[in-house]
Amino acid sequence: METNGHWEPPYIQPHRFGAINKFGKRSVKDNVVTEVFGVSINDLVAQYGSPLFVLGEESLRANVRKIKSCFEQRYNLCAHGWSYKTNYISAVCRIMDQEGSLAEVVSNFEYEKARALGVPGARIIFNGPNKSQAILERAIAEGAFIQADHMEELRKIEAIAGKLAKKVKIGIRLNFDTGFTEPWSRFGFNLESGQAHEAVKYISRSQNIILAGLHSHIGTFVLEPRAYAQQVRIMCELMKELEGMENIEIQNLDIGGGFPSKNALQSIYLPPEQAVPKISEYADAICESLLEGCKYRKEMGKDLPRLIYESGRAMIDESEVLISSVVGTKRLPDGRRAAILDAGTNLMFTAFWYNHPVKLTREYFGIEEETVLYGPLCMNIDVVRNSIQLPALNAGDKLLIANVGAYNNTQWLQFIEYRPNVVLISESGESHVIRWAEDLSVMMAQDNVPPHLEAKGKQRKFGNSSLTVLRPAASL
Amino acid sequence: MSKNGKAWRNWNVAVTGMNASPESPGPGYAVARCLREDPEFNGRIIGIGYDVLDAGLYARNICDGGYLIPYPSAGKDALFERLKELHEAEDINVIIPCLDAEIQNFIALKDELEKLGIKMLIPSKEQFTMRAKDQLSKFCESVGVLAPESKTITNPSFFDDCESQGFEYPLMVKGIFYDAVLARNAFEAKAIMAKLVNSWGYPVLVQKLLCGDEFDLSAIGDGRRGMLGPVMMRKRALTEKGKAWAGVTVEEPGIAEVARKLIHGLSWSGPFEVEVMRTHDEKIYLIEINPRFPAWIYLSHAVNRNLPILLLKVLAGDEELDLAPAKTGTFFIRHAQELIVDLPAFESMLIDGGIASDVIGKHRTVSAV
Amino acid sequence: MQKQLAELMTTLNKNQRLSKLAISEKGFLFDPETGQSFTLNYSGMQTLNHLKRGESLEDTAKHLADEFKIPHDTALNSIEAFLIQLGRYI
């Protein structure tokens, strides 16, 4: 029996039959990394603290180019819309802008952010169910392409266009049943019930708005390329029908996103290497279906529509990792090992539905055992991994949690903890902070204490947290 | 003769699916029995399982050694590492995977295992996918085989007015990977759908119910559009949970023809089981194609068409497959019995995750390592 | 607390309960009275073997402290906690 002299308090674990297999959840032995994107993990933590998000610029750009070329090889006229909500850290959005992606935004804030980052209105696709009057006015004036979600929005857009005496090209969002995914029927106009046709009629009667785009989004983490083929077929059928009866020419066919990354969904039995199809399989399904559905255009000597896809997760998930440290260990009453980390679901919202890969950052000896990884929150649901085969961890050990690029830097919670630094490793291997760790001043910046609640003799000076690198005070 | 200079007779064969619970036995135990009872086979048999209660792992009269391997969800790399350890200990020549959920991992490892000198007769990823439940009716149509009308659905409201679309109750609701449950009304169907989605995700399949007799055929696809050694069986009695309790070998040319068309169309490589329904108007509908031997495969040995042995011969490139004509009228009755396991064997499985064949087997031939 | 532990030891030693437990060198434990089996970690196995031989908690702690080069108090604390766990199962 192995010990290597390492002390672990004695324990006894009763056997409960039903699923006993020493090797059942075995992880790959070669699971130790000391560098991430070419930079030492220990050095990064020494410089920027733990937890720490690390984004690889080279990896991100390479992945974006790979996916884009997949589509461009199969269909001439493609555009990628960077889904801001996936990760709208400014540096990320700048990279995507440099890579030639449009900005796909879904809220007032995201629109304003895209503009603040220098994206011209004409390179913005504006989706989402809640666009205010003011932002619509601005978006229309600046030439953004708006895809309407409901009738009230259509009326608002029409009124604004009328006031500006402008003919505004817009798209409409559709929802329908492909037979493959659960229909997202709360967004856009339903096709089967005739709402989509009603919207089209409304637009075609208007003097100020022109229907130029169809948009739909069939779901998230869609593991079946045929679902997209069916989606495109349905959209092309509608396009053909509309172009036949009204004076309409669809220029943009926007299929949304939803392509999966190599993360393991908790609800999917097979590992991602088997469950997740290659991006080329999606591109095949989509472009073949599109070319087939647009045959009629070619026959009429007309141009093909532009294909827009709004992939977020598949672009960035694998290019960002989270380094986290063990702060304590336990033996649970049922015999399982447990480790408490300094990062949990507050930073990795996606841990609620993925089993993120976890890598070790040093060699271990001794037996691997089923382990639970907990986050730092005082909430029972803060679990990073519910069951993972790991060696005995010690406080201070660092773990690397992979595939965290999508939705975490946007959905993270500001609950009891400061959010940490996010660092970019540039193509030349330099590290840059792209989002500073929060401190007390950030957390209290929006608070206002009315005079009658002021503490007596209070000091309006906030202490720094213990992080090594914080935003320089001068830039505050 | 195989590359390493040994005839198939002396090969060491690892067989998965050693679970043998009374209600739902895995096929591995039966495959191993077929190998063991062939008078010419003289190699070692290594049982592979996923749980310390997989009975075949301890069946000394059948398996020389027994080992646990990672669950399919742990992925192919973890599986490969474990298989390498088994190979070092047991010098494996052939693996016969016997469970649906693991086949894709083995497909992904085919080349790497080949480099270690381990052979498998298994389908390609494409072949495997073409027979997946949600693709099956399309494939059947392309090869001229009848399949019950089915539809993939994602929206449970389908069950409220499915009659208007020609789907009358009772109907079958199937998970995308496993499980098929009979639903008698919309209320039941929705509950079943929710449960299936929870286990296997979207979509689910709805299939019209057919009335008739259930037949199964097992054989081996040679990968060159040919079907070798078909053995046919009609289920004669089912357990409460609808599993085979008794069956009898038959010879029904129509069913063999259906299987031949399917295997030809798929260019199937490896063992398989075709489940069909023969309706009262003598039409044959395909219910499922399983990518492995069935749990009743021992019946093939009983009718002198030992399919697991045939698989070894195909892998060895043996030209003389000498298949006896399939004998009809041979019954099987499935029964449960207690396997005796002593404490050291159990401890070894639990603590070490395996029992090496030089400990329990009769052939002390471990030369590797 | 000490009284509790002493009572526990007495119970475990009654009818040679402890000495009847079968412990393998790999940490597999079988209780012939209940049919229940367990896995022990290395220090658990060492501790139980000492206790089975009738050694006191103090002596057992001394052995562990020497073997693992840890403070005597740490070892004793853990052994006492282990004994309570044992009392729940055996």
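Chain A is the first sequence line, chain B the second, and so forth, proteins listed ahead of strands; every chain is numbered from 1.
- For residues 49-57 of chain C, a heavy-atom distance under 4.5 Å to chain A picks out no residue at all.
- Atom OG1 in C:T47 sits 13.0 Å away from atom OH in A:Y11 (nearest 0.5 Å).
- For the pair A:W7 and C:T74, the tightest heavy-atom approach, listed with the atom from each and the gap, is NE1-CG2, 4.1 Å.
- Residue A:K330 places its NZ atom among 12 or fewer non-hydrogen atoms of other residues, nucleotides or ligands, all under 6.0 Å distant.
- When all heavy atoms of C:N41 and A:P10 are compared, the closest pair comes out as OD1-CA, 3.5 Å.
- Separating the OG atom in C:S37 from the CD atom in A:Q13 is a distance of 10.5 Å, to the nearest 0.5 Å.
- Counting only residues at least two apart or in different chains, salt bridge (charged side-chain N to carboxylate O under 4.0 Å, His left out) contacts with residues 342-355 of chain A are absent.
- What you find for C:F38 and A:P14 is that their closest heavy atoms are CD2-CA, 3.3 Å.
- Ring geometry for C:F28 against A:H15 counts as parallel: the plane angle stays under 30°, on a 0 to 90° scale with 60° as the upper cut.
- For chain A, the nearby part of C:L64 is the side chain; its heavy atoms alone come within less than 4.5 Å.
- Distance check, rounded to the nearest 0.5 Å: CD1 of C:I90 to CD1 of A:I12 gives 4.5 Å.
- For residues 387-408 of chain A, every residue pair satisfying the salt bridge (charged side-chain N to carboxylate O under 4.0 Å, His left out) rule, not counting sequence neighbours, is listed here: A:R362-A:D397.
- Listed by chain and residue number, A:Y354 satisfy the ring-ring contact (aromatic ring centres under 6.0 Å, His included) test with A:F221 (two or more places apart in sequence, or in another chain).
- Closest heavy-atom contact between C:S43 and A:P9: OG-C, 3.3 Å.
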